[in-house]
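Comments concern the structure below.
Chain naming here is simple, since letters A, B, ... match the order of the sequence lines and numbering starts at 1 in each.
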Protein chains: 2
Amino acid sequence: MKASDKVKHRTDMISSALRSAILERVLMPGMKLPEDSLGERFGVSRTLIRQSLERLAAEGLVELRRNKGAMVAKPSLEEARDLFELRTQIEDLVISRVIKNMSPELLAELEAHLAKEVAAEHASEPISIRLATEFHILLAKLSGSPVLLRYVEEIGYRCGLTLSLYARPHSTDCGIQEHRQIIEALKTGDEETARKLMRHHLTAVADRALFTTEEGGPLLYLDALEPYAKKVRDGGA
Amino acid sequence: MKASDKVKHRTDMISSALRSAILERVLMPGMKLPEDSLGERFGVSRTLIRQSLERLAAEGLVELRRNKGAMVAKPSLEEARDLFELRTQIEDLVISRVIKNMSPELLAELEAHLAKEVAAEHASEPISIRLATEFHILLAKLSGSPVLLRYVEEIGYRCGLTLSLYARPHSTDCGIQEHRQIIEALKTGDEETARKLMRHHLTAVADRALFTTEEGGPLLYLDALEPYAKKVRDGGA
DNA sequence: GTATAATTGATTGCATGCAATTTCGCCACA
DNA sequence: TGTGGCGAAATTGCATGCAATCAATTATAC
């Protein structure tokens, strides 16, 4: 019975695929996302596409305008600043909760993740960005608060999207070294230091996002989506 | 053109109606929400009902289980505690932002709202609960951060739902007096006091929610929804 | 009499169809 | 050359239909 509850809806797969595509800069901000083109690609009807788009809209990754369809969100600089500021404050909450819950098992999880990051250090950029994001999400998971986890996820994703608009392509968005230091501080239970490190870590990322880039028209160029769609069509996770 | 953007979808109206019904304890936690009964009541097809339910599920007010339909969420005590704890921390962020933005206009808005609360002091319980919730939401609005606003809304709603499960029916959930004191502290720019007051205010509410009530089966009793549905059918906001 | 299997009824998952709205190309006209 | 309007194509908003799944109840065996 629980197994059947765990069955993922196709909607989940599609929104995950689209989310990945957005975060990996395959779908750039401003691109149009017509329901039936997407439906064709993913091999499903507009119904499911629409659901996925609505979900992503709730996360702030796509904008949905009445009778005008969906497009990848294009956060303004102001929104971006708000987002990054909130992020540091929210992750502050994460830190203090993780410290409260600290345990050897928990530490092991963190270090396992760090190891993955190190292993992928010279892999492709999208992968290392994803891993870096997942470090923050892992921390949120370990905070023990489902709601906090959701917020960190959402803000993290949106910050990632923002970076694809305002940051130059190949900045190492999250230093592995910094992650290591944070884990170190958590290990010794030094909340103050951990917070400071995290704050520094995040503002460093934010500060790199100060470039105002010129406007580009809303393009429609979904071919790059193909690999993501294929996975869903083939029933992948 | 902007006007057309502001047109509310019927989905918005329906989810608002359902949200109100839940928060005003017309739909109690655990009640089943079948798509077609609701569709009939609201005079729309299952399509729109489904969208609304999904939106409410994203907010945590409704639980959605595969092939089993929707029901009003029934947060566990543990989830409730998490929610209330997070709420105090999130509203801390609100306070410090509002203090930064403080201005006479802003103060006027707050006092106008307080006046409304006073005026409705002896009105029906649902109304005063709603106004009390809206005080917190107004503060979040004045914080200037759209994302923070969304989070405060969501957490506020979910706390309201929780109270309908665990608190005794007629506790004055938010003291008007306490709201007044908070405004006072904000006026003088005393962040420390404002925070302390808010924290005290919120934990007072949370502590009233310590009663474990016995289990009730998932009922289906939608007749009480009628007034909410009527408004939507008639095209009201 | 209890337990298990099979059938029926209710409810959701998803696709499709039609009407309404928007967008875009085209042509007239200043 | 640039601008305004008009019609066709594209796209969304919503309802409905059918298949799949789940819940409940009856039937059957032990």
Non-neighbouring partners of B:Ser20 that pass side chain to side chain donor-acceptor pair (under 3.5 Å), sequence neighbours left out: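 In terms of side chain to side chain donor-acceptor pair (under 3.5 Å), with neighbours along the sequence ignored, B:Ser20 is linked to no residue.
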Can you name the side chain to side chain donor-acceptor pair (under 3.5 Å) partners of B:Glu63, sequence neighbours left out?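 Side chain to side chain donor-acceptor pair (under 3.5 Å) list for B:Glu63, sorted by chain: empty.
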Who are the side chain to side chain contact (heavy atoms under 4.5 Å, CB included) partners of A:Arg55, not counting sequence neighbours?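 A:Arg55 satisfies side chain to side chain contact (heavy atoms under 4.5 Å, CB included) with A:Thr11, A:Asp12, A:Ser15 once adjacent residues are dropped.
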Considering residues at least two apart in sequence or located in another chain, which fulfil the side chain to side chain contact (heavy atoms under 4.5 Å, CB included) criterion with B:Glu54?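 Expected list: A:Gln51, B:Arg50, B:Leu64.
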5' to 3', nucleotides 12-21 of chain C under a 4.0 Å protein heavy-atom cut-off (B base, S sugar-phosphate only, - none) gives BBBBBB---S
Could you tell me how far apart A:Met71 (CE) and C:dT22 (P) are, to the nearest whole angstrom?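 From A:Met71 CE to C:dT22 P: 17 Å.
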Tell me, please, which residues at least two apart from A:Glu109 pass salt bridge (Lys or Arg N to Asp or Glu O under 4.0 Å).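 So A:Glu109 forms no salt bridge (Lys or Arg N to Asp or Glu O under 4.0 Å) with any residue.
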